[in-house]
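To start, the structure under review is shown below, and the notes come after it.
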Amino acid sequence: QVQLVESGGGLVQTGGSLRLSCAASGRTSGMYSMAWFRQTLGKDHEFVAFIRRTSGITTYADSVKGRFTISRDNAKNTVYLQMNSLQPEDTAVYYCAASYIQPAYQSPGSWGYWGQGTQVTVAS
């Protein structure tokens, strides 16, 4: 079992930046990949970014490509999401997810472990 705790959310103006962190604890060895999703009220989880834990290979949703960067520090068992040029439509609760097997990374159902989420609000 792995536990995930997100932090770094908050209120920011349009065009601003935030850096989210996701700290993993518990059985972190053997973890295959991690990802960030976001969710707004009444909608399903939306894929944001994915990183393979060993190789560092990344994938992004088209809506955030060029603005968001996912990275990891395996020594700290932490994944980051650097978010730049934030827009009001980026407002959501952001969740970290982890998997021990290769996931269908854009599908929320493929991820076995989730954090509690952190709120990001972008004011216009």
Side-chain angles (χ1 to χ4, degrees):
Q1 292 273 354
V2 64
Q3 294 78 43
L4 305 173
V5 178
E6 302 97 334
S7 61
L11 173 65
V12 65
Q13 297 296 314
T14 297
S17 299
L18 281 175
R19 188 196 197 203
L20 305 183
S21 299
C22 173
S25 61
R27 190 169 71 90
T28 57
S29 62
M31 204 160 54
Y32 182 86
S33 57
M34 296 182 74
W36 287 96
F37 285 77
R38 63 189 182 187
Q39 187 178 33
T40 54
L41 195 62
K43 295 188 176 181
D44 201 357
H45 289 86
E46 176 193 7
F47 169 75
V48 175
F50 158 95
I51 188 165
R52 196 170 294 177
R53 194 167 180 264
T54 51
S55 66
I57 291 174
T58 59
T59 305
Y60 297 91
D62 287 344
S63 59
V64 307
K65 205 172 291 183
R67 299 188 299 123
F68 291 11
T69 302
I70 187 171
S71 61
R72 92 277 193 227
D73 184 335
N74 288 343
K76 295 182 179 180
N77 290 315
T78 301
V79 168
Y80 305 96
L81 186 68
Q82 177 66 43
M83 305 186 295
N84 299 327
S85 301
L86 282 160
Q87 302 297 315
E89 53 266 33
D90 294 317
T91 295
V93 178
Y94 282 72
Y95 294 90
C96 175
S99 176
Y100 290 97
I101 59 174
Q102 182 172 343
Y105 61 86
Q106 296 190 54
S107 172
S110 290
W111 297 86
Y113 301 92
W114 293 82
Q116 83 289 350
T118 185
Q119 176 71 48
V120 171
T121 303
V122 185
S124 56

Are more than 12 heavy atoms, taken from residues, nucleotides or ligands other than Glu89, located less than 6.0 Å from that residue's CD atom?
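Counting neighbours around CD of Glu89, more than 12 heavy atoms of other residues, nucleotides or ligands fall under 6.0 Å, so yes.
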Can you list every disulfide bond (SG atoms under 2.5 Å apart) pair that touches residues 46-119, not counting sequence neighbours?
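Sorted result for residues 46-119: Cys22-Cys96.
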Could you give all pairs that pass the salt bridge (Lys or Arg N to Asp or Glu O under 4.0 Å) test and reach [range], with sequence neighbours left out?
{"range": "residues 4-13", "value": "none"}
{"range": "residues 91-107", "value": "none"}
{"range": "residues 10-32", "value": "none"}
{"range": "residues 114-124", "value": "none"}

Please find the pair of heavy atoms, one from [X] and one from [Y], that lie closest to each other, and give the distance.
{"X": "Gln82", "Y": "Ser17", "result": "NE2-CB, 4.0 Å"}
{"X": "Gln106", "Y": "Pro108", "result": "O-CD, 3.5 Å"}
{"X": "Ser99", "Y": "Ser110", "result": "OG-O, 4.1 Å"}

Look up atom CG in Asn77 and atom OG in Ser29, then write down how far apart they are to the nearest 0.5 Å.
9.0 Å
Using the salt bridge (charged side-chain N to carboxylate O under 4.0 Å, His left out) criterion, which residues pair with [X]? Sequence neighbours excluded.
{"X": "Asp62", "value": "Lys65"}
{"X": "Glu46", "value": "Arg38"}
{"X": "Arg67", "value": "Asp90"}

Please find out if less than 6.0 Å separates the ring center of Trp111 from that of His45.
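Centroid separation for Trp111 and His45: 6.0 Å or greater.
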Stepwise side chain to side chain contact (heavy atoms under 4.5 Å, CB included) test for Thr78 and Arg72
CA-CA 6 Å; Thr78 301; Arg72 92 277 193 227; over 6 Å; no
Answer yes or no: is there a donor N or O on one side and an acceptor on the other, between the side chain of Asn74 and the main chain of Thr54, under 3.5 Å?
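Judged by distance alone, no pair lies under 3.5 Å.
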Counting N and O atoms only, with roles assigned by atom type, does the side chain of Thr118 sit under 3.5 Å from a partner on the main chain of Gly9, one being a donor and the other an acceptor?
yes
Under the 4.5 Å side-chain heavy-atom rule for ILVMFWY, direct or indirect, which residues accompany Val79?
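When side chains under 4.5 Å apart are linked, the cluster holding Val79 also contains Val2, Leu4, Val12, Leu18, Leu20, Met31, Met34, Trp36, Val48, Ile51, Tyr60, Val64, Phe68, Ile70, Leu81, Met83, Leu86, Tyr94, Tyr100, Tyr113, Val120, Val122.
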Who clusters with Ile101? Use side-chain heavy atoms, under 4.5 angstrom, across I, L, V, M, F, W and Y, and order the result by chain and number.
none
Go through it in stages, so that I can follow the logic: the residues are Gln102 and Ser33, the test is side chain to side chain contact (heavy atoms under 4.5 Å, CB included), and I'd like the CA-CA distance, side-chain angles, deciding distance and then a yes or no.
CA-CA 7 Å; Gln102 182 172 343; Ser33 57; over 6 Å; no
Determine, stepwise, if the pair Arg52 / Tyr32 fulfils side-chain hydrogen bond (donor to acceptor under 3.5 Å, both in side chains).
CA-CA 6 Å; Arg52 196 170 294 177; Tyr32 182 86; 3.2 Å; yes
Looking at residues at least two apart in the chain, or sitting in another chain, which of them share a ring pair (Phe, Tyr, Trp, His ring centres under 6.0 Å) with Phe50?
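Only Tyr105 meet the ring pair (Phe, Tyr, Trp, His ring centres under 6.0 Å) criterion with Phe50.
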Please enumerate all residues that pass side-chain contact (heavy atoms from CB on, under 4.5 Å) together with Thr121, with sequence neighbours excluded.
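Partners of Thr121 by the side-chain contact (heavy atoms from CB on, under 4.5 Å) criterion, ordered by chain and then number, come out as Leu11, Thr91, Gln119.
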